[in-house]
Amino acid sequence: MKKLNINAVKPGDIIARTIFTESGNVLLGHGMELSDRYIERLKRMGIDTVYVEDKHTGDIIPEEVLRDETRKLAVETVYKTMTGLMDQPKMAGRCSLPDLGTSFRKIFGEIMVDVSAQKNVVINLSHLYGMDGYFFHHAVNVAVLAGILGMAKGYNRNQMIDLGVGALLFDIGMTQLPKELWNKRTSLNDEERQRIRFHSEEGFNLLRNQPNISVVSAHCALQHHERYDGSGYPRNLKKDEIHEFAQIVGLADFYDALISPRPFRSGYAPNEAVEYLFACGNQLFELELVKKFLGHIAIYPVATTVQLNTGHVGVVSFVDPLAVHRPTIRIIVEPDGSPTSSPYEIDLKKRENMSMIISKTL
């Protein structure tokens, strides 16, 4: 398969990776043929990339961190919890949810079963969903990324559970906001921006009053927008004043937000997000934490369509964990624009004169 920008997808292309709704259900499943109507619908939903079948890349299959069943269960749980809270009268953190901790411990346990089974430590989040589903899928992605970083840091089981529950519920305070602010497709005014800033404190108040949620998990909600240099909110904490779990959740939140399409912009390519994040070291996030995190992120994910500086177009077929910035590329288009009669592979580790461009039009 190969990953294409939505503008490069054509009627007749076959979906190679399932696309999900906001609640975790299947929107377009593997094997479905795209029509003009489907393509336009995907564009309206804000989906900017799609995996399609291709005869030259049929054996190229990106390893997804989560099985479809796990993601569906996790997103459904987040969706039901969050929408249920949205529909309740706002109670200034006094809402009692006795099964919340138990339910989310179980979900995070399922996530970690899938993550632990990965042979390759280089992670690519390849599930696709529309902007309306961002809030719910984003929570699951943040939990995956936080869990990977927690494993890399050697946390014990109890620490992992506290981190994972905090990661899944870090944005629960958003349920206390007016619904129209959630996915507003125009710029926020100062009053709206200030209102949204309260979500971290409201989330903390919701979680700390639950009998089965640890105060550490609650602090992931409170502090995930604090920044290493003191420029964050709500308390302008600096460096070690921010709990490490909250730093991890904040970092995972920031990265996944960068690579996801939003109402006001397209998603960043992973290599662009990595560069941006690395530049934030010891400013927004501790540099050593950023380095450890980026050591597990696919800069050029398998199945990504790329152009080389030589004019060749190809698909990333293999990523060496020891050289994630120099993957192997299967060439499918020659520099003159003609399709390759017999696709071949170029290992960029051995071709220092070659570099990649991830084009928004490919």
Side-chain angles (χ1 to χ4, degrees), residues 65 115 118 120-125 138-139 141-155 159-160 162-164 166-167 170-171 193 197 200 216 219-262 264-301 304 306 316 319-327 348-349 352 355-358:
V65 188
V115 171
Q118 291 293 313
N120 192 341
V121 294
V122 180
I123 299 301
N124 169 34
L125 294 171
H138 178 58
N141 288 347
V142 169
V144 169
L145 294 168
I148 290 166
L149 191 45
M151 289 173 60
K153 291 186 70 66
Y155 290 158
Q159 289 174 313
M160 288 294 292
D162 283 346
L163 172 62
F170 79 102
D171 249 352
R193 194 173 291 108
R197 280 178 167 240
S200 55
V216 173
H219 271 81
C220 292
L222 178 64
Q223 297 181 352
H224 69 276
H225 281 294
E226 299 287 2
R227 295 296 179 251
Y228 192 77
D229 61 1
S231 63
Y233 64 86
R235 299 179 179 174
N236 303 113
L237 301 180
K238 294 182 180 180
K239 299 183 179 179
D240 294 341
E241 295 173 343
I242 310 166
H243 194 284
E244 186 168 81
F245 289 5
Q247 291 188 54
I248 288 173
V249 170
L251 179 54
D253 170 39
F254 193 82
Y255 174 79
D256 191 62
L258 283 176
I259 65 172
S260 301
R262 306 299 297 121
F264 43 85
R265 62 160 173 80
S266 299
Y268 285 67
N271 64 304
E272 295 172 329
V274 164
E275 290 177 14
Y276 190 100
L277 202 53
F278 194 78
C280 296
N282 282 348
Q283 294 181 40
L284 302 186
F285 306 100
E286 181 191 35
L287 180 58
E288 290 307 309
L289 192 65
V290 170
K291 287 180 179 178
K292 189 173 286 290
F293 178 77
L294 295 184
H296 297 278
I297 297 299
I299 302 174
Y300 300 101
T304 301
V306 299
V316 177
V319 178
D320 184 342
L322 300 179
V324 294
H325 61 298
R326 304 291 289 175
L348 292 183
K349 296 195 303 296
E352 294 184 2
S355 58
M356 285 177 293
I357 304 165
I358 295 186

Separation between CD1 of Ile299 and OG1 of Thr304, rounded to the nearest 0.5 Å: 11.5 Å

Interatomic distance, Asn282 atom CG to Glu288 atom CD [nearest 0.5 angstrom]: 8.0 Å

Neighbour count >12 (heavy atoms, 6.0 Å) for atom NZ, Lys239: no

Side chain Asn271, main chain Tyr300, donor-acceptor under 3.5 Å: no

Reported CD-to-CD distance for the pair Gln247 and Glu241, which is rounded to 0.5 angstrom: 10.5 Å

Shortest non-hydrogen separation from Ser200 to His224 and the atoms involved: CB-CE1, 4.3 Å

Candidate pair Asp253 and His225, rule side-chain contact (heavy atoms from CB on, under 4.5 Å), full reasoning: CA-CA 9 Å; Asp253 170 39; His225 281 294; 4.0 Å; yes

Closest approach of Val319 to Pro327 (non-hydrogen atoms, all atoms of both residues): CG2-CB, 4.2 Å

Residues Asp320, Arg326; criterion side-chain contact (heavy atoms from CB on, under 4.5 Å); working and verdict: CA-CA 8 Å; Asp320 184 342; Arg326 304 291 289 175; over 6 Å; no

Which atom of Leu251 lies closest to which atom of Leu149, heavy atoms considered: CD2-CD2, 4.2 Å

Parallel, tilted or perpendicular: rings of His138 and Phe170 (30°, 60°): perpendicular

Verdict with reasoning, Phe245 to Tyr155, per ring pair (Phe, Tyr, Trp, His ring centres under 6.0 Å): CA-CA 11 Å; Phe245 289 5; Tyr155 290 158; 5.1 Å; yes

Min side-chain heavy-atom separation Tyr228-Gln283 under 4.5 Å: no

Least distance between heavy atoms, Tyr255 atom then Ala273 atom: CE1-CB, 3.8 Å

Approximate separation, where rounding is to 0.5 Å, of Lys291 NZ and His296 NE2: 14.0 Å

Flag, side chain of Glu226 to backbone of Arg235, donor-acceptor distance under 3.5 Å: yes

4.5 Å side-chain heavy-atom contact, Ile242 and Glu286: no

Check against side-chain contact (heavy atoms from CB on, under 4.5 Å), Leu145 and Ile297: CA-CA 9 Å; Leu145 294 168; Ile297 297 299; 3.7 Å; yes

Between CG on residue Leu163 and NE2 on residue His243, distance to nearest 0.5 Å: 9.5 Å

Gln159 side chain near Lys153 side chain, heavy-atom distance below 4.5 Å: no

Minimum-distance pair of heavy atoms, taken over all atoms of Ala143 and Gly164: CB-O, 4.5 Å

Reported CZ-to-CG distance for the pair Phe278 and Leu294, which is rounded to 0.5 angstrom: 7.5 Å

Closest non-hydrogen atom pair between Pro234 and Leu222, with its separation: CD-O, 3.3 Å

